[in-house]
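Working notes, beginning with the structure itself.
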Amino acid sequence: MQKKYDHAAIEKKWQEKWDRTGLYVADIENGKNHFYNLWMFPYPSAEGLHAGHAFASTGSDIVGRFMRMNGKDVFQPIGYDSFGIHSENYAIKINENPQDVVKRTTKHYENQLRCLGHGYDWTRTVTTSDPDYYRWTQWLFIKMFEAGLAYKKKATVNFCPSCKTVLADEQVVSPKTAGKDPKNAEGETVSYSEELKVCERCGTIVEKKDLDQWFFKITDYADRLLGGLNKIDWSRRVVSAQKNWIGKSEGMIINFKKENGGNLPVFTTRPDTLNAVTFIAVADEKMYNEGNTEKIGEPNGECAIDPLTGKKLPIWKTNYIAAGYGTGSVMGVPAHDERDMEFAKKYHLDIVEKDPDDSLWERIEKEGWGKKHINYHLRDWLVSRQRYWGAPIPMIDCPKCGWVTVPEEDLPLLLPPISDYKPEGSGRGPLANHKEFYQVACPSCGGQAKRETDVMDTFVDSSWYFLRYPSVKAGTSSKLPFDPVISKKWLPVDLYFGGAEHSVLHLMYSRFVTMVLNDLKHIDFDEPFPKFFAHGLMIKDGSKMSKSRGNVVNPDDYIDKFGADTLRLYLAFMGPMDASPDFRDSGMEGANRFIKRVWKLFNEKPNEKVIPEVTSKLHQTIKKVGSDIGEYKYNTAISSLMELVNMINEYKTYSTEYLEALALLLAPFAPHLSEEAWVEILGKPFSIHKGKRHQEGSVCPRQVS
RNA sequence: GCCGAGGUGGCGGAAUGGCAGACGCGUAGGUCUCAAAAACCUAUGGGGCCUUAAACCUCAUGUGGGUUCGACUCCCACCCUCGGCACCA
């Protein structure tokens, strides 16, 4: 009687042994053939990991296992993006302190991740809300400030009335992108319109406010961020999204002289159409109304002079010019611009039909009317938040010395435990109610000064975490954010695996921070992720799996019922990793059937029957599995394994050669089953995940010859 | 409007110039069983031909053209879906 495959016992057994023997602990100091395999760390939510996380993390784990078996020293770390509004909101909801909630949720995540059977190095984890981590986030802020790349400025910014904090431009999106029904400040759902600008997190329509805020000067790096895209191997849609966001336009700034003196500069990408200009349009913020596409305007009473003809050009105040872009004014050329045409028709302005003249580019510069200019859509990164659960900004405002950094030896600047941590929406963070926090002596002159009471956005925390993993060591506190020797060896990340939803958020901020740290000589590379793979988003019942839609699938139930190997196999078999798979229960049975069939195969009475057809199929399969993993097409790798298994069964050729190879090929996808077969049935030395040719004490004959 | 990805059975998907639909799900029939489940076997794109069977014919990869001995695949035009940007001058 053949024994049944007891997935629960077998998976538990190997997970414990892997952990006990440190199978996945990377040799950071001595490893030579390094492969830094990184998956975007999750933020620990109350609900725990859902099937989308399992899909993505399994996709990353398969590559890691494959590389390890091929002799790479794989470093595959994991951590938690535990600081920030998402964790804080949940704490508020259940009326607990975020510190306690995070302790619980990270533990839950760890358990879930372990149950999936991923090969993480649990000796080097990162938790962004841990003082030993965020002291270095504060260090980063100080470095930014010292380099002149952090500044506080009063500006018109986006404010979310529900989150009661300002947002970065990148966190303001269309309702479609947010994946939520748009809501007004009172939390009522409003009718959908693509024009609406909402908070990426909660879907609430953002407000404009004039507030004093901290920015990072990412615009200084606009051109490098754009240029760097050409030298990295990233999914095209992400490259495209970053290009669009940076939004480079090449043109000219032309200085029109006003009739009564003074200049009026305009930015244009079409100086060759200067010969058809008939008016000047300037932005008027009072007329500007979000989402209103009806063009309105009125003459401001002045005129500018056309440098070509000397004619007077009326200046109009309008709502169709964006104040924050270019110079906030444009030259109106109805003949070559639809919007100018629409405006000119409505207000009966002149329309001059003239062909564009390329020689104008040169002439305008020669005559001194204007000069070439490159404009970017990208704005500086707003990093301060009027919330509690984040890294305090390490800055002190002294009436005498101005803004002074907290001395590095005083880091971490601890986030004090307070009970009134809920946001008020007053434009100030909860720490602003705590004198004992903000009343400090100026580190420079010793006089009475005031500490900044805003905290940093969670995207600052995650902008550098990948630098920390290799240098961190459990149970030790650090003297540096990252060790220069270790970083030189292990960074940049060899393969970054994650979702495309962070295209212009985390993925751009990380590139920016890396470039800055490179300029400051802390690291010797300027692209953190030379290879990034964007997996698809998991779909359930036709829409993106998300908590707000209530269509999340908890992987735990499936692990209980079928085991992690079945779940992994099912997730990997659904389609190519960059597609968006639709989660269905029905397919799970098929994956489980395959696991059981393979188990049965390993338990057949061995024979040494070798059939050329099967051998040939085996070799094709070996080739295909390897190349498919390299392209993240696990579905076809698995289907070829299924074909192989079908053929072995058909011919009843249970030879050791076939079974060993099958176990090895299956190991990245179903690590527990293959380990059990390898060690317990085939009698091979632990562990299959070291790969056949790289096991201690076992030398492959092929390698000897 | 601009940039990017895509469109193939009932479903997920395979095939990137050479037998379209691999592999899997589902469905139908069968074996086993007192029965069911599980497992296994067989069939499974549409239409046609045929007493039966083997076989055969024909249509079919979003639409319309083209290149080629041969096109899901390459070229041109268009339609639709998804992602990003957008009164950005």
Side-chain angles (χ1 to χ4, degrees), chain A residues 2 4 170 173-174 176-177 179 194-195 197 234-249 251-254 266-271 273 277 280-283 288-297 318-333 336-343 373 375-379 499-501 503-504 534 536-537 539 543-544 569-576 578-594 596-597 600 621 624 628 633 635-646 649-650:
Chain A
Q2 188 202 295
K4 197 177 162 253
E170 289 80 12
V173 298
S174 68
K176 199 165 109 188
T177 305
E194 267 195 41
E195 312 284 332
K197 305 269 188 199
W234 281 26
S235 301
R236 288 173 90 147
R237 50 212 262 247
V238 179
V239 170
S240 162
Q242 289 210 356
K243 272 189 187 161
N244 286 338
W245 187 255
I246 295 167
K248 181 178 184 170
S249 324
M252 281 187 138
I253 285 182
I254 301 176
V266 304
F267 175 68
T268 178
T269 54
R270 295 296 305 277
T273 63
V277 62
I280 303 288
V282 302
Y288 185 76
N289 182 4
E290 194 86 54
N292 181 13
T293 50
E294 167 73 24
K295 292 178 180 50
I296 52 168
T318 76
N319 69 335
Y320 82 94
I321 304 300
Y325 185 79
T327 62
S329 327
V330 306
M331 58 182 203
V333 186
H336 299 291
D337 187 288
E338 280 178 31
R339 295 152 303 181
D340 293 345
M341 180 60 100
E342 190 189 328
F343 190 75
H373 182 79
N375 215 45
Y376 296 93
H377 164 267
L378 185 71
R379 313 284 170 81
E501 69 273 21
S503 295
V504 297
L537 290 178
I539 303 293
S543 55
K544 183 176 133 187
L569 206 66
Y570 167 65
L571 294 170
F573 187 59
M574 284 193 294
D578 56 358
S580 291
D582 202 338
F583 193 95
R584 281 158 211 268
D585 282 19
S586 57
M588 195 78 66
E589 304 274 359
N592 193 237
R593 219 168 278 163
F594 179 64
K596 287 193 279 191
R597 206 176 296 150
K600 201 176 147 204
T621 306
K624 185 154 180 61
D628 283 354
K633 291 182 182 169
N635 56 329
T636 49
I638 292 169
S639 77
S640 71
L641 284 166
M642 287 172 169
E643 287 177 50
L644 177 66
V645 166
N646 290 345
N649 274 325
E650 204 178 311

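Chain naming here is simple, since letters A, B, ... match the order of the sequence lines and numbering starts at 1 in each.
Of the possible polar contacts, none joining the Asn635(A) side chain to the Phe573(A) backbone as a donor-acceptor pair under 3.5 Å is found. Of the possible donor and acceptor atoms, none in the side chain of Ser640(A) sits under 3.5 Å from a partner among the backbone N and O of Thr621(A). In terms of modelled atom types and a separation under 3.5 Å, the side chain of Glu342(A) and the main chain of Lys295(A) share no donor-acceptor contact. A donor-acceptor contact shorter than 3.5 Å is absent between the side chain of Ser235(A) and the backbone of Arg237(A).
Between the C1' atom of A89(B) and the CD atom of Glu342(A) lies a distance of 14 Å, rounded to the nearest Å. Taking atom CG of residue Leu378(A) and atom C1' of nucleotide A86(B), one finds them 16 Å apart after rounding to whole Å. The distance from atom CG of Asn592(A) to atom C1' of G24(B) is 14 Å, rounded to the nearest whole Å. Straight-line distance from the CD atom of Glu170(A) to the P atom of C85(B): 10 Å, rounded to whole Å. Atoms CE (Met642(A)) and C1' (C25(B)) sit 10 Å apart, rounded to a whole Å. Between the C1' atom of A86(B) and the CG atom of Asn375(A) lies a distance of 15 Å, rounded to the nearest Å. A straight line from NZ of Lys633(A) to P of A14(B) spans 7 Å, rounded to a whole angstrom. In this structure, CD of Glu501(A) is placed 20 Å from P of A5(B), rounded to the nearest angstrom.
In this structure, the ring of Tyr325(A) has its center no less than 6.0 angstrom from the ring center of His377(A).
G12(B) adopts an anti glycosidic conformation, its chi angle falling more than 90° from 0.
With contacts defined as side-chain heavy-atom distances shorter than 4.5 Å, the pair Met331(A)/Asp340(A) does not qualify. Between Glu643(A) and Val645(A), the closest side-chain pair of non-hydrogen atoms is not below 4.5 Å.
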>> Just to be sure I follow the notation: if a pair is Watson-Crick (purine N1 to pyrimidine N3 plus N6-O4 or O6-N4) or a G-U wobble (N1-O2 and O6-N3), each under 3.5 Å, what dot-bracket string does RNA chain B give, with | for pairs to another strand?
In response: (((((((..(((.....[....)))((((((.......))))))((((.......))))..(((((..]....))))))))))))....
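Counting only N and O atoms by type, the side chains of Ser174(A) and Thr177(A) include a donor and acceptor under 3.5 Å apart. With no hydrogens or angles considered, no side-chain donor-acceptor pair links Ser249(A) and Asn375(A) at under 3.5 Å.
Residue Asn646(A) is classed as a sugar-phosphate contact, given heavy-atom separations below 4.0 Å to backbone atoms only. Counting any heavy atom pair closer than 4.0 Å across all strands shown, Gly326(A) reaches no nucleic acid atom. Counting non-hydrogen atoms under 4.0 angstrom, Thr177(A) reaches the backbone sugars and phosphates but no base.
Residue Thr636(A) has its side chain nearest to A15(B) when only A15(B), G4(B), C23(B) are considered. The side chain of Lys624(A) approaches A15(B) more closely than any other nucleotide in the set A15(B), C23(B), C85(B). Which of G83(B), A5(B), C23(B) sits closest to the side chain of Ser639(A) comes down to C23(B). When each of A89(B), C23(B), C85(B) is scored by its nearest atom to the side-chain atoms of Asp337(A), the top-ranked nucleotide is A89(B). Set against G83(B), C23(B), A89(B), the side chain of Glu643(A) has C23(B) as its closest nucleotide.
RNA chain B is contacted by both Ala323(A) and Asn244(A); Asn244(A) maps to the nucleotide lying nearer its 5′ end (nearest heavy atom per residue). Toward the 5' end of RNA chain B, the nearer of the two residues Gly587(A) and Asn635(A), judged by each one's closest nucleotide, is Asn635(A).
Across Pro271(A) and Ile254(A), no two heavy atoms sit closer than the pair CB-CD1, 4.4 Å.
Rounded to whole Å, the P atom of G4(B) lies 44 Å from the corresponding atom of C57(B). Of the C1' atoms belonging to G7(B) and C78(B), the separation is 14 Å, rounded to the nearest Å. Separation of the C1' atoms belonging to A55(B) and C49(B) is 11 Å when rounded to the nearest angstrom. Distance noted for atom P between U27(B) and G64(B): 35 Å (whole Å). Distance check on atom P: A43(B) versus G21(B) gives 15 Å, rounded to whole Å. Separating the C1' atom of G45(B) from that of U61(B) is a span of 11 Å, rounded to the nearest Å. The gap from the C1' atom of G6(B) to that of C19(B) amounts to 27 Å, rounded to the nearest Å. Taking atom C1' on both C59(B) and A22(B), the two are 22 Å apart, rounded to the nearest angstrom.
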Which protein N or O atoms sit under 3.5 Å from an N or O of nucleotides 37-42 of chain B?
| unit_1 | atom_1 | unit_2 | atom_2 | d |
| --- | --- | --- | --- | --- |
| C40(B) | OP1 | Arg597(A) | NE | 3.2 |

Could you list all N or O pairs between the protein and nucleotides 7-12 of chain B that sit under 3.5 Å apart?
| unit_1 | atom_1 | unit_2 | atom_2 | d |
| --- | --- | --- | --- | --- |
| G12(B) | O2' | Met574(A) | O | 2.6 |

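Note that CZ of Phe594(A) is 5.5 Å distant from CE of Met642(A), once rounded to the nearest 0.5 Å. If you take CG on Leu569(A) and CD1 on Ile638(A), they are separated by 4.5 Å, rounding to the nearest 0.5 Å.
Side-chain nitrogen and oxygen atoms of Lys243(A) include none within less than 4.0 Å of the OP1 or OP2 phosphate oxygen of G4(B). Proximity of Tyr320(A) to the phosphate of A89(B): no side-chain N or O atom is located under 4.0 Å from OP1 or OP2. Under 4.0 angstrom from either OP1 or OP2 of A5(B) there lies at least one side-chain N or O belonging to Arg236(A). Look at His377(A) and you won't find any side-chain N or O under 4.0 angstrom from OP1 or OP2 of C85(B).
Judged by distance alone with a 3.5 Å cut-off, a donor-acceptor contact links the side chain of Lys295(A) to the base of C87(B).
Judged by a 6.0 Å distance limit and a 45° cone about the ring axis, Lys248(A) is not positioned over the six-membered ring of Tyr376(A).
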>> Between Thr318(A) and Ile296(A), is the side chain to side chain contact (heavy atoms under 4.5 Å, CB included) condition met? List the steps.
In response: CA-CA 6 Å; Thr318(A) 76; Ile296(A) 52 168; over 6 Å; no
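Between Phe583(A) and Tyr570(A), the ring planes are perpendicular. Angles over 60° get that label, and only those under 30° would be called parallel.
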